[in-house]
Protein chains: 2
Amino acid sequence: MGAAGDARPRGRPKKAPDAIDEGNRRQELLRAAGRLFRQQGFAATSTRDIAAAAGMRAGSPFYHFENKAALLFAVVEQGMHAALERQAQVLCALPARADTAARLRALVRVHFDILLGPDSDFVPVMLYEWRSLDLPQRRAIAGLQRAYEDAWKTAIEALHAAGGIGGDARLARLMILGALNWSVQWYRVGQGASLDELCDSALQLFVRAPARRGGRQSAPP
Amino acid sequence: MGAAGDARPRGRPKKAPDAIDEGNRRQELLRAAGRLFRQQGFAATSTRDIAAAAGMRAGSPFYHFENKAALLFAVVEQGMHAALERQAQVLCALPARADTAARLRALVRVHFDILLGPDSDFVPVMLYEWRSLDLPQRRAIAGLQRAYEDAWKTAIEALHAAGGIGGDARLARLMILGALNWSVQWYRVGQGASLDELCDSALQLFVRAPARRGGRQSAPP
DNA sequence: CCTACCGATCGGTAGG
DNA sequence: CCTACCGATCGGTAGG
């Protein structure tokens with residue numbers, strides 16, 4: 001993807017005073033870009049801002065990324081890959097005989113974590129800055145989004161068929177995801193409800209059947 | 001607000017070849033700005049783009065507005081004023097003995113119209129570009145938003161108390177409004193569901209009691 | 001990854 | 001509201 005930076009050293013780099021792992025600097029750029037893109041938006045963030053936040057000079061980001069748009073794309077792509085991994089992990093960790101309501105609860109909970117938890121800049125940047133991507137980039141991201149939403153489609157359609165969710169199934173999915181995605185606009189960490197409480201309230205709002213189960217199913221040994 | 005343009009002619013302006021109603025030009029600028037801010041975002045839209053879309057030269061918008069931020073503020077403020085008016089009008093048009101579910105339905109329906117109907121750029125610009133406002137501007141808008149959301153607060157709390165809405169009442173309000181506001185991201189006019197169908201589906205998703213009433217309560221005379 | 005730099009664009013203004 | 005213009009900033013590059 002663009003100018004490759006795959007000259008990453010194999011072992012531990014020699015600790016010369018300025019020895020710097022190139023992969024680390026690239027990742028630092030991504031984190032800085034993600035934070036600034038989320039705070040100010042893509043167009044309002046200069047590559048100089050990003051360079052300074054990563055402790056570099058104005059021209060240096062272009063050693064790691066072809067241009068500003070490539071930086072945005074890398075943030076978004078990495079965000080979606082991480083989100084897909086976390087989603088898959090959470091679904092796999094469910095007990096084999098978990099019902100649909102439990103699956104939906106897991107999806108909602110991990111989604112709040114992806115949007116609002118620690119290191120959660122990348123997916124909000126995707127949600128709110130995707131229009132700054134060009135068409136090929138959008139298409140690449142759309143594939144990852146489809147995979148992410150497929151899990152939701154399955155769970156919501158099953159629950160909808162069982163009468164646990166009202167309205168049109170497709171519109172219900174769009175509106176439920178919208179309700180969660182909008183939390184980026186108003187949720188402030190450490191103020192008000194916890195992510196667990198958010199998850200509970202969301203499910204009580206959207207799901208009719210009393211899907212509550214006291215606590216987690218993983219009881220102490 | 002800013003350089004006043006209140007030399008508006010009283011009657012019909014003499015139709016000289018270039019006779020131009022100043023209020024019209026200002027309004028044309030606002031419409032062009034609203035459309036472009038919605039499409040591309042505030043930071044990615046140049047004042048030259050706006051001027052060109054309104055048929056002006058690069059410097060002319062600054063005859064009507066002090067600076068670019070004042071243009072954004074005017075768009076957002078006008079959007080909120082119009083939204084408040086439409087909301088009030090719809091609530092007043094309800095039959096006196098309309099129940100809470102009918103009030104919520106009216107709020108949802110007019111909200112979709114404000115977000116997705118004809119001439120619906122201004123409120124989406126507020127929702128997605130408010131962070132480009134400075135602090136005093138944000139405070140001014142926050143007052144209008146509070147008024148707009150008060151109607152929702154009343155309706156949702158009443159319905160929540162009656163068991164028609166699940167979860168925490170405040171979080172339910174935030175999530176319901178979020179679900180609707182997010183529709184700006186995916187809804188395309190003329191494709192898929194109509195705004196009436198969106199409204200139906202939203203209420204069936206969020207409200208437990210069978211608040212359906214066949215059609216409108218305003219029967220033919 | 002830094003130094004030094006460039007061309008383009010942008011918000012905004014003077015003066016009419 | 002146009003003409004003509006300015007200073008600042010921005011994305012990006014050459015060369016090391």
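It should be emphasised that the depicted structure is a prediction, and the values quoted were computed from it without experimental measurement. Values reported hereafter were calculated over all heavy atoms of this structure, with side chains retained and with hydrogens, waters and symmetry mates removed. Letters A, B, ... mirror the listed sequences (proteins, then strands); counts begin at 1.
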Under 3.5 Å, is there a donor-acceptor pair between the [X] and [Y] side chains?
X	Y	value
A/Glu77	A/Gln137	no
B/Trp130	A/Gln185	yes
A/Ser120	A/Arg38	yes

Of residues 44-54 of chain A, the positions that come close to DNA chain D - non-hydrogen atoms, cut-off under 4.0 Å: A/Thr45, A/Ser46, A/Thr47, A/Arg48

Proximal nucleotide (of [options]) relative to the [X] side chain:
X	options	answer
B/Phe62	D/dG12, C/dT13, D/dC1	C/dT13
B/Met56	D/dG11, C/dC2, D/dC2	D/dC2
B/Arg57	D/dC1, D/dT3, C/dG11	D/dT3

B/Arg138 atom CZ: more than 12 heavy-atom contacts under 6.0 Å: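 Yes - once you tally the heavy atoms of other residues, nucleotides and ligands closer than 6.0 Å, there are more than 12.
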
For the rings on B/Tyr148 and B/His111, is their centre-to-centre separation under 6.0 Å?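 Close enough - the centres of the two rings lie under 6.0 Å apart.
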
Determine whether the aromatic ring centres of residues A/Trp182 and A/Phe112 are separated by less than 6.0 angstrom. no

Taking CD from B/Glu66 and P from C/dA14, how many angstroms apart are they, rounded to a whole number?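 In whole Å, C/dA14 P and B/Glu66 CD are 13 Å from each other.
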
Spacing between B/Tyr63 atom OH and C/dA14 atom P, to the nearest angstrom: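 Rounded to whole Å, this separation is 16 Å.
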
Residues which pass salt bridge (charged side-chain N to carboxylate O under 4.0 Å, His left out) with B/Glu149, listed by chain and number, not counting sequence neighbours: B/Arg173

For Watson-Crick and G-U wobble pairs within 3.5 Å on both distances, what is DNA chain D written in dot-bracket notation, | included for inter-strand pairing? ||||||||||||||||

Ignoring hydrogens and angles, tell me if any N or O in the side chain of A/Thr154 forms a donor-acceptor pair with the backbone of A/Asp150 under 3.5 Å.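 Yes, A/Thr154 side chain to A/Asp150 backbone: donor-acceptor pair under 3.5 Å.
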
